[in-house]
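Have a look at the structure below, then the notes.
Atoms within a ligand are numbered from 1 in the order they appear, just like the ligands themselves.
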Amino acid sequence: MILSLIDEYKENIEKAAEMIRAGGVVAFPTETVYGLGANATDEAAVARIFALKGRPGDNPLIVHVDSIPEAQRAAVFCDKANILAERFWPGPLTLVLKNRGLPGAVTAGLDTVGVRMPDCDAALSLISASGVPIAAPSANKSGSPSPTKPEHVQKDFGEDLMILDAGECSVGLESTVIDMTRDIPVILRPGAVTREMIRECIGEAAYTESFSPDEQETPMSPGMKYRHYAPRAAVTVVEGNNISVAEAIKYLYDKDIKKGDKPLIMASRENKIHYGKRDVVLTGSVYHPYEAAKCLYGLLRDADEDGYTNIYFEAIPKTGIGFAVMNRISKAAAYNIVKV
Ligand code: TXA
Ligand code: MG
């Protein structure tokens, strides 16, 4: 059931907190995507998340806290971690640190734990009212795009799940994940807090290009080895200068139409004009990649709902959050990237 936070904020936060305290699972909003939360200190409650989501047991969960001291009780903070938390929390940054005692069910047996303080009043109120840290993955069934609206969560899990509704998420892509346990911290998943922003604070930060299908080595973040963010439609990313991209997409689109497929173009506002009467949805302006970040998952989900079989996505510049957008869409495309 969906509990609105517009009319009965306090009452509904309290209902959800009761559910958490009782060992249940609640979907809740954050600034990035909706999470599927349970009491992080309760092994059985955490197991319920894995079961509901269909998530492999070797993929750890992020622990959500309402303050830095609470995070410091859950994990061992180094100096650089303190600097990043002071600078970016509450916000879309997950710090991977040595675990202090959260159950192995949360960390998938690793000796580290990912913690973050979300920048969302409803999430912070829920954590505070529950009185415990909340373990939560994104509130989608394993493999499908993360939910940025309560309707997305309900679509994946049905009417029975309690969902706190605070409308659409403001960022729209999952948090940046950074492993702080290494001499040079390593970004495991790019997000709204960019590598440049992190470097400005703590000097060096490495980035490891996430798992791609032909990589053999063990990924540092277990989440990387799973196909992610993917709609049912076959996604192709097309990269190059505006005109060549539009030409290539039109060619591929028209070929699909002849075959009887139902293609869709995901284009920037600036480029839409090239596509005439073809089916196009807009990802925002190429100059404002946060627009693409906010609408990306919703558009992928809508494309499935509308029965599209193929999606052609115009690559956007990898600046700012554009880097994270390109990371997610490349994975959704299973690295099917056409360079023109
Ligand atoms: O924005 C977000 O981070 C959202 C909201 C709900 O907070 N959560 C989210 O959780 O995206 P999830 O479970 O879908 O993604 C967590 C990612 C996974 O790739 C996981 O492998 C990685 O973080 N992760 C979690 N704990 C880790 C750890 N101890 N070491 C390495 N990677 C870890
Ligand atoms: Mg996820």
Checking [Y] against [X]: is there a side-chain donor and acceptor pair closer than 3.5 Å?
X    : Y    : answer
D66  : S128 : yes
T236 : N336 : yes
E174 : Y297 : yes
S125 : Y9   : yes

Using a cut-off of strictly less than 2.8 Å, determine whether S138 has an N/O/S atom near the Mg ion (ligand 2).
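Short answer: yes, at least one N, O or S atom is under the cut-off.
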Answer yes or no: is there an ion pair linking E14 with R21, defined by an N-O contact shorter than 4.0 Å?
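Here E14 pairs with R21 in a salt bridge, since their nearest N and O are under 4.0 Å apart.
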Between D156 and R301, is the closest basic N to carboxylate O distance under 4.0 Å?
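Judged by the 4.0 Å cut-off on N to carboxylate O distance, R301 and D156 do form a salt bridge.
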Using heavy-atom distances only, which candidate in [options] approaches [atom] most closely?
atom                    : options             : answer
atom 11 (O) of ligand 1 : R189, K53, R55, E31 : R189
atom 9 (C) of ligand 1  : S138, A27, P147     : S138
atom 25 (C) of ligand 1 : G35, P60, P118      : P60

What about V63 and V76, same hydrophobic cluster or not, with Ile/Leu/Val/Met/Phe/Trp/Tyr joined at side-chain heavy-atom distances under 4.5 Å?
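No, separate clusters.
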For ligand 1, which atoms have a heavy atom of [X] less than 4.0 angstrom away?
X    : value
S175 : 1 (O), 2 (C), 3 (O)
P137 : 10 (O), 12 (P), 13 (O)
T32  : 1 (O), 2 (C), 4 (C), 5 (C)
H64  : 5 (C), 6 (C), 7 (O)
N59  : 18 (C), 20 (C), 21 (O)

Ligand 1 to T30 polar contact by distance, N or O atoms, under 3.5 Å:
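By distance alone, the answer is no.
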Mind checking whether Y34 has an N or O less than 3.5 Å away from an N or O of ligand 1?
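No - when backbone and side-chain N and O of Y34 are compared with those of ligand 1, no distance drops under 3.5 Å.
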For the side chain of R116 and the backbone of G91, is there at least one donor-acceptor N/O pair under 3.5 Å apart?
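Yes, because the side chain of R116 sits within donor-acceptor range (under 3.5 Å) of the backbone of G91.
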Using a 4.0 Å heavy-atom threshold (strictly under), name the region of [X] that reaches ligand 1: side chain, backbone, both or neither.
X    : answer
D179 : neither
L188 : side chain
T112 : both

Ring centres under 6.0 Å, that's the criterion: do Y207 and F323 meet it?
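Yes, the ring centres sit under 6.0 Å apart.
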